[in-house]
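Notes follow once the structure below has been shown.
Heavy-atom basis, side chains included; hydrogens, waters and symmetry copies ignored.
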Amino acid sequence: MRETTHRRIVIGDVHGHYNGLMTLLEAIAPGSADRVYFLGDLIDRGPQSSQVVEFVIANSYTCLLGNHEQLLLDSFADGKGQAHILQVWLYSGGHATVASYPDSRISSEHLDWMRTLPTYLDLGDIWLVHAGVHPEMPISEQTADQFCWIRDEFHSIQKPYFPDKLIVTGHTITFTLPGVHPGKIAQGEGWLDIDTGAYHRKSGWLTGLDVTNNLVYQVNVFDNCVRTLPFEKAVVRIEPMQILARR
């Protein structure tokens, strides 16, 4: 990673775990010059989605569009409830998000903010996106369908999509990838996945990556355990054939 005068911190899928996020940020202790980026999926499944969104907005942190924000927005397209999509979203953890708002009324300000979220962010040597990219399509032809939802087609790429950028993602819980234990982050050909499954009972780990110093900060949202690991101790290498073998 190139040298910078500030730390660049990338945080994986929070999924409504506000208390865990506060503990994680206390451990990271970002200064005023540091840059904090969220990879999307602030909401759903966890108990305090509205508080997470409000916190990110209040601190003007950069956040990408995740598939769960996309599901919420699609559920209320044109200001009206879209019954089929709404049921998909609620089934995917949206019930917990609704319950986190006073009187179960989702804030229009939060919805307006979500509509402004970018689908990716190019930081020069690293490229942030929620899920990944389609390996056979130029960026200009890709949409939220790829950036927010793709999985195996991206993880099985046999050479880096960018020759000079590392793609950092969330979306796919790392322990669902071959040979990765809960709490570990996963690395493939030109990509790094830091969604360690904060909401999932098998894991509970919420991850923040200090790109500048190659440090991994983690908190377990269920037992409040906090740990800091050097990058090489936290990462598991994924070979493309491991992904291709299960497709």
Side-chain angles (χ1 to χ4, degrees), residues 8-25 28 30 32-82 85-123 126-132 139 142-150 168-171 194-195 198-199 206-209 221:
R8 294 178 295 173
I9 310 295
V10 185
I11 296 178
D13 305 30
V14 180
H15 280 300
H17 283 282
Y18 174 81
N19 292 337
L21 176 61
M22 294 302 99
T23 302
L24 180 68
L25 288 174
I28 296 172
S32 59
D34 294 334
R35 305 290 184 264
V36 178
Y37 306 95
F38 288 82
L39 292 173
D41 280 9
L42 299 180
I43 63 170
D44 295 352
R45 297 192 167 119
Q48 295 175 296
S49 290
S50 65
Q51 293 91 327
V52 173
V53 173
E54 185 62 31
F55 173 80
V56 173
I57 293 173
N59 285 275
S60 300
Y61 288 136
T62 299
C63 181
L64 301 181
L65 182 71
N67 62 302
H68 282 262
E69 286 85 19
Q70 185 68 66
L71 277 173
L72 171 55
L73 293 176
D74 289 346
S75 297
F76 293 94
D78 301 322
K80 301 177 181 179
Q82 309 296 310
I85 301 174
L86 179 61
Q87 288 304 312
V88 171
W89 172 60
L90 292 173
Y91 179 78
S92 301
H95 281 294
T97 295
V98 173
S100 72
Y101 283 91
D103 301 320
S104 297
R105 296 178 62 88
I106 297 175
S107 163
S108 59
E109 288 81 7
H110 287 189
L111 289 173
D112 289 342
W113 175 77
M114 290 180 197
R115 293 186 183 100
T116 71
L117 298 180
T119 51
Y120 64 84
L121 186 64
D122 187 350
L123 299 181
I126 60 173
W127 201 87
L128 307 182
V129 67
H130 179 66
I139 293 299
Q142 300 191 45
T143 68
D145 286 343
Q146 289 78 39
F147 298 138
C148 293
W149 291 95
I150 200 165
V168 181
T169 77
H171 184 56
I194 67 168
D195 178 11
Y199 77 89
L206 174 62
T207 293
L209 171 66
V221 304

Who passes side-chain hydrogen bond (donor to acceptor under 3.5 Å, both in side chains) against [X], sequence neighbours left out?
{"X": "N59", "result": "none"}
{"X": "S49", "result": "T97"}
{"X": "S107", "result": "E109"}
{"X": "H17", "result": "none"}

Minimal non-hydrogen separation, [X] against [Y], with atom names:
{"X": "S100", "Y": "P47", "result": "CB-O, 3.7 Å"}
{"X": "R115", "Y": "F76", "result": "NH2-O, 4.0 Å"}
{"X": "T207", "Y": "I194", "result": "CB-O, 3.6 Å"}
{"X": "A198", "Y": "L206", "result": "CB-CB, 4.0 Å"}
{"X": "H130", "Y": "L65", "result": "CB-O, 3.4 Å"}
{"X": "H171", "Y": "C148", "result": "CE1-O, 3.4 Å"}

With ring-ring contact (aromatic ring centres under 6.0 Å, His included) as the rule and sequence neighbours excluded, what pairs involving residues 95-120 come up?
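Only Y101-H110, Y120-W127, Y120-F147 qualify under ring-ring contact (aromatic ring centres under 6.0 Å, His included).
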Hey, does [Y] have a side-chain heavy atom less than 4.5 Å from the side chain of [X]?
{"X": "T119", "Y": "V129", "answer": "no"}
{"X": "L117", "Y": "L64", "answer": "no"}
{"X": "L21", "Y": "I11", "answer": "yes"}
{"X": "T169", "Y": "D195", "answer": "no"}
{"X": "L39", "Y": "Y37", "answer": "no"}
{"X": "T62", "Y": "R35", "answer": "no"}

Kindly say whether I43 contributes a backbone atom to a donor-acceptor pair with the side chain of R45 at under 3.5 angstrom?
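Not a single qualifying donor-acceptor pair exists.
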Whether E69 side chain and D41 backbone form a donor-acceptor pair below 3.5 Å
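Answer holds: yes.
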Nearest-0.5 Å distance that lies between atom [atom1] in [X] and atom [atom2] in [Y]:
{"X": "L86", "Y": "Y91", "atom1": "CG", "atom2": "OH", "value": "15.0 Å"}
{"X": "D13", "Y": "N67", "atom1": "CG", "atom2": "CG", "value": "8.0 Å"}
{"X": "I139", "Y": "Q146", "atom1": "CD1", "atom2": "CD", "value": "9.5 Å"}
{"X": "S92", "Y": "L71", "atom1": "OG", "atom2": "CG", "value": "5.5 Å"}
{"X": "I85", "Y": "L90", "atom1": "CD1", "atom2": "CG", "value": "12.0 Å"}

Any side-chain donor paired with an acceptor under 3.5 Å for W89 and D74?
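Not at all, the side chains of W89 and D74 share no donor-acceptor pair under 3.5 Å.
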Tell me, please, which residues at least two apart from D145 pass side chain to side chain contact (heavy atoms under 4.5 Å, CB included).
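Scan of D145 (side chain to side chain contact (heavy atoms under 4.5 Å, CB included), adjacent residues dropped) gives T143.
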Residue pair V221, N19: steps toward the side-chain contact (heavy atoms from CB on, under 4.5 Å) verdict:
CA-CA 8 Å; V221 304; N19 292 337; over 6 Å; no
Mind telling me whether F55 and Y61 have parallel, tilted or perpendicular rings, with 30° and 60° as the class edges?
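If you compare the ring of Y61 with that of F55, the planes turn out tilted.
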